[in-house]
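Taking it in order: structure first as structure tokens, then the write-up.
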Amino acid sequence: MSIESKIHELQRTLPEGVTLVAVSKTYPAEDILQAYRAGQRIFGESRPQELAAKHEALPADIRWHMIGHLQTNKVKYIAPFVELIHSADSARLLETIDREAAKNGRTIDVLLEIHVAREESKHGWSYAELNDYLGSGASRRLEHVRFRGVMGIATNTDDMQTVHDEFTQLARCFDRLRHDFFSESFDTLSMGMTSDYPQAVACGSNMVRIGSYIFGSRSY
């Protein structure tokens with residue numbers, strides 16, 4: 001199947017209300033343009049300099065999402081244009097995003113990344129840490145950050161029960177945070193990738209991040 005065919009299939013089969021982020025990290029501009037020609041407009045990248053270069057080279061109406069771990073010293077590369085940062089995983093990073101957004105006269109939408117996977121290499125807040133941070137009121141001092149929801153990554157395993165349990169945990173965290181700290185604008189639950197997005201959608205995800213299914217195996 002071509003890239004265009006896979007985009008059309010996902011557009012047809014994903015439930016209404018589930019947003020597709022085509023994860024284009026490491027793939028060339030021509031591959032992105034094939035997905036673009038099929039109607040895809042939201043693309044996810046994980047390296048700020050690569051994201052900035054693609055933003056310059058590709059159509060202006062592409063909506064770029066930062067989905068990978070983001071170092072504070074790299075926020076400046078994407079602050080002028082990024083639509084959504086999925087990987088807000090610390091108070092320090094949020095403060096940097098707020099500062100860089102202010103420099104660019106913008107408010108940047110973010111998702112709070114929560115760590116639920118068994119791998120220690122994964123990034124994100126524990127729910128307790130995040131609850132304490134939000135309860136402290138520190139987040140209310142950020143005038144150029146808008147909290148839109150939660151992102152998480154399940155354990156990389158063939159055990160679908162583990163994956164299901166972790167997605168269920170993320171969905172519960174999302175619901176509790178929305179109830180305790182936010183309003184209806186806290187509306188995005190980003191979970192699910194090529195290997196596990198059907199399980200994520202079944203657990204309540206309304207944004208999935210799919211790359212290798214669309215574009216093929218990566219060459220790092």
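Counting from 1, the numbers follow the sequence of the chain as shown. From a predicted model like this one, the values you see are computed outputs, not experimental measurements.
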For residues 10-19, which side-chain donor-acceptor pairs fall under 3.5 Å, sequence neighbours excluded?
{"unit_1": "Gln11", "atom_1": "OE1", "unit_2": "His8", "atom_2": "ND1", "d": "3.4"}
{"unit_1": "Gln11", "atom_1": "NE2", "unit_2": "Ala38", "atom_2": "O", "d": "3.4"}
{"unit_1": "Thr13", "atom_1": "OG1", "unit_2": "Glu9", "atom_2": "O", "d": "2.8"}

Not counting sequence neighbours, list each pair that qualifies as a ring-ring contact (aromatic ring centres under 6.0 Å, His included) and has a residue in residues 144-172.
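Applying ring-ring contact (aromatic ring centres under 6.0 Å, His included) to every pair that reaches into residues 144-172, excluding sequence neighbours, yields Phe147-Phe182.
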Check the side chains of His86 and Glu113 for a donor-acceptor pair under 3.5 angstrom, ignoring hydrogens and angles.
no
Atom CG in Asp175, atom CG in Leu189: separation rounded to 0.5 Å?
8.0 Å
Spacing of CG belonging to Asn131 relative to CZ belonging to Phe181, to within rounding of 0.5 Å
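Reported value, rounded in 0.5 Å steps: 4.0 Å.
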Apply salt bridge (charged side-chain N to carboxylate O under 4.0 Å, His left out) to Glu166 and list each qualifying residue two or more places apart in sequence or on a separate chain.
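Salt bridge (charged side-chain N to carboxylate O under 4.0 Å, His left out) check on Glu166 returns nothing, list empty.
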With sequence neighbours excluded, residues passing salt bridge (charged side-chain N to carboxylate O under 4.0 Å, His left out) with Arg37
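Partners of Arg37 under the salt bridge (charged side-chain N to carboxylate O under 4.0 Å, His left out) test: Glu30.
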Contacts of type side chain to side chain donor-acceptor pair (under 3.5 Å), residue Glu56, not counting sequence neighbours
none
So, the side chain of Trp125 versus the backbone of Ala91: is there a donor-acceptor pair under 3.5 Å, distance only?
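No; judged by distance alone, with no hydrogens or angles, the pair does not exist.
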Taking the six-membered ring of Tyr127, is NZ or CZ of Arg172 closer than 6.0 Å to its centre and within 45° of its axis?
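Judged by the rule, Arg172 and Tyr127 form no cation-pi pair.
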Output yes when Glu95 and Arg99 qualify as a salt bridge under the 4.0 Å nitrogen-oxygen rule, no when they do not.
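A salt bridge is absent here (no side-chain N lies under 4.0 Å from a carboxylate O).
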Option passing side chain to side chain contact (heavy atoms under 4.5 Å, CB included) with Cys173 (candidates Ile114, Leu112, Val116, Val150):
Ile114
Scan for side-chain hydrogen bond (donor to acceptor under 3.5 Å, both in side chains) pairs involving residues 197-209, sequence neighbours excluded, and state none if there are none.
Ser190-Arg209
Parallel, tilted or perpendicular, judged at 30° and 60°: which one describes the rings of Phe43 and Trp64?
tilted
